[in-house]
Amino acid sequence: MYAEDFSAAVDFLSTQSFVDRNRIGVLGICGSGSFVISAAKIDPRLKAIATVSMYDMGAANRNGLRHSTTLEQRKKVIAEAAEQRYAEFTGGEIKYTSGTVHELNENSTAIEREFYDFYRTPRGEYTPKGSSPKVTTHPTLTSNVKFMNFYPFNDIETISPRPMLFITGDNAHSREFSEDAYKRAAEPKELHIVPNAGHVDLYDRVNLIPWDKLASFFNQHLSW
């Protein structure tokens with residue numbers, strides 16, 4: 001569904017009089033970086049592909065950061081999600097998982113603090129109408145487990161000869177995903193490391209986002 005959104009955007013843009021359908025590029029940030037790659041593998045209309053602070057949502061859920069999740073832990077999550085399907089199918093309460101914590105304490109990790117500073121403060125907090133802050137950023141357990149079957153980097157080399165740009169912060173906890181994708185991708189490709197930047201910094205820290213790199217990439221590859 002997430003990957004399809006990008007192709008649907010191309011469907012729409014290609015019908016607009018001010019858009020050249022042969023010169024459409026795409027940018028995916030965080031989890032959308034892996035969704036963009038998944039879309040680009042089967043949608044050649046995406047002519048230039050860039051990612052920023054990319055998360056491989058499949059690997060993150062299967063293996064955890066730096067492969068910190070064991071197979072036993074993975075199987076436990078899968079089993080819990082399967083049982084939860086019974087509960088929800090029979091009208092039971094929906095169960096949410098992962099996402100951003102709602103409070104910090106002395107035991108909070110650096111990653112929890114980083115996401116909290118964005119998603120739980122005016123910097124980036126947003127609650128859709130009719131929803132609740134208690135569930136924002138939290139996927140349902142039964143839907144999130146589907147990422148176990150998500151392998152966006154498989155066949156990434158088939159995107160070539162369309163160019164790919166991977167941007168990540170040198171201090172980003174997600175850096176491993178951009179490096180993995182870059183290693184697997186075929187030419188032309190580029191890995192750009194932003195000095196003194198973490199993962200969330202590249203969401204909105206305008207003094208750290210490499211605007212010139214993004215502009216030159218798309219100008220180079222989408223111009224005649």
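Everything quoted here is computed from the prediction, not taken from an experiment. In this chain, residues are counted from 1 in sequence order.
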Do K95 and T140 make a side-chain contact, defined as non-hydrogen atoms from C-beta onward lying under 4.5 Å apart? no
Taking all non-hydrogen atoms of both residues, which atom of A50 and which atom of F217 are closest, and how far apart? CB-CE2, 4.1 Å
Check the hydrophobic clustering (I, L, V, M, F, W, Y; side-chain heavy atoms under 4.5 Å; chains of links allowed) and say if L65 and M54 are grouped together. yes
With D43, which residues qualify under side-chain contact (heavy atoms from CB on, under 4.5 Å), at least two apart? S7, R45, L46
Counting heavy atoms not belonging to E93, are there more than 12 under 6.0 Å from its CD? no
Of all heavy-atom pairs between P152 and I37, which one has the smallest distance, and what is that distance? O-CG2, 3.3 Å
Rounded distance [0.5 Å steps], NZ in K41 versus CZ in F153: 9.5 Å
Heavy-atom donor-acceptor pair, E125 side chain to P122 backbone, under 3.5 Å: no
Can you tell me how far apart CD1 (I193) and OH (Y182) are? Round to the nearest 0.5 Å. 10.0 Å
Minimum heavy-atom separation for S178 to T168, with atom names? OG-CB, 3.7 Å
Point-to-point distance, once rounded to the nearest 0.5 Å, from OG of S132 to NE2 of H138: 9.5 Å
Other cluster members, M148 - Ile/Leu/Val/Met/Phe/Trp/Tyr, side-chain contacts below 4.5 Å: V77, I78, L141, V145
Test question: given the 4.5 Å side-chain rule for I, L, V, M, F, W and Y, name all other residues clustered with V101, or answer none. L104, Y116
Hey, what do you get for NZ (K183) to CD (E176), rounding to the nearest 0.5 Å? 13.0 Å
Does anything in residues 52-77 form a salt bridge (Lys or Arg N to Asp or Glu O under 4.0 Å)? List the pairs, not counting sequence neighbours. none
Closer than 3.5 angstrom, by distance alone: can the side chain of D180 be matched with the main-chain N or O of F177 as a donor-acceptor pair? no
Under 6.0 Å from the ring centre and within 45 degrees of the ring axis: does the NZ or CZ of K189 meet both conditions for the six-membered ring of F166? no
Sequence neighbours excluded, every pair satisfying ring pair (Phe, Tyr, Trp, His ring centres under 6.0 Å) that has a member inside residues 62-90: none
Looking at CD1 of I29 and CG of D204, how far apart are the two atoms once the value is rounded to the nearest 0.5 Å? 10.0 Å
Give every donor-acceptor pair under 3.5 Å between a side-chain atom in residues 12-20 and any protein atom, sequence neighbours left out.
{"from": "S14", "atom 1": "OG", "to": "V10", "atom 2": "O", "distance (Å)": "3.1"}
{"from": "S14", "atom 1": "OG", "to": "D11", "atom 2": "O", "distance (Å)": "2.9"}
{"from": "T15", "atom 1": "OG1", "to": "F12", "atom 2": "O", "distance (Å)": "2.7"}
{"from": "Q16", "atom 1": "NE2", "to": "F12", "atom 2": "O", "distance (Å)": "3.3"}
{"from": "D20", "atom 1": "OD1", "to": "N22", "atom 2": "N", "distance (Å)": "2.9"}

Return the set of residues passing salt bridge (charged side-chain N to carboxylate O under 4.0 Å, His left out) with E179 (not counting sequence neighbours), or none when no residue passes. R175
Do T137 and R120 meet the criterion of a side-chain donor-acceptor pair at a distance under 3.5 Å? yes
Partners meeting ring pair (Phe, Tyr, Trp, His ring centres under 6.0 Å) with F118 (sequence neighbours left out): Y203
Are N61 and N144 packed together at the side-chain level, in the sense that at least one heavy-atom pair is separated by less than 4.5 angstrom? yes
Does a donor on one side chain and an acceptor on the other come within less than 3.5 Å for E80 and Q84? no
Going from CD1 on I49 to CD1 on I159, what distance comes out if it is rounded to the nearest 0.5 angstrom? 5.5 Å
Contact summary for A181 and I156, nearest pair of heavy atoms: O-CD1, 3.9 Å
In the structure I gave you, are the side-chain heavy atoms of K134 and Y96 within less than 4.5 Å of one another anywhere? no
Would you say that P128 contacts T136 through its side chain, given a criterion of any heavy-atom pair below 4.5 Å between the two side chains? yes
Tell me whether R23 at atom CZ has more than 12 heavy atoms from other residues, nucleotides or ligands lying less than 6.0 Å away. yes
Would a 4.5 Å heavy-atom cut-off, applied to side chains only, mark F6 and S32 as touching? yes
Side chain K146, main chain T142, donor-acceptor under 3.5 Å: yes
If you draw a 6.0 Å radius around NZ in K47, do more than 12 non-hydrogen atoms from other residues or ligands fall strictly inside? yes
By the rule that ILVMFWY residues connect when side-chain heavy atoms come within less than 4.5 angstrom, directly or transitively, which residues belong alongside Y151? none
For the residue pair N171 and N196, confirm or rule out a side-chain donor-acceptor distance under 3.5 Å. no
Examine distances only and state if a side-chain atom of D155 and a backbone atom of T158 form a donor-acceptor pair shorter than 3.5 Å. no
Heavy-atom pair with the smallest gap, counting every atom of L222 and A48: CD2-CB, 4.0 Å
With H192, which residues qualify under side-chain contact (heavy atoms from CB on, under 4.5 Å), at least two apart? L165, I167, V194, P210, K213
Residue pair Y2 / F147, side-chain heavy-atom distance below 4.5 Å: yes
Quick one: does S131's side chain have a donor or acceptor within less than 3.5 Å of a partner on T127's backbone? no
By side-chain contact (heavy atoms from CB on, under 4.5 Å), which residues pair with P188, not counting sequence neighbours? S160, P163
Take atom CZ of R85 as the centre, draw a 6.0 Å sphere, and report whether it contains more than 12 heavy atoms from other residues, nucleotides or ligands. no
What are the two closest heavy atoms between R205 and D117, and how far apart are they? NH2-OD2, 3.8 Å
Taking only residues two or more places apart in sequence or in another chain, which ones pass ring pair (Phe, Tyr, Trp, His ring centres under 6.0 Å) with H173? Y55, F115, H199
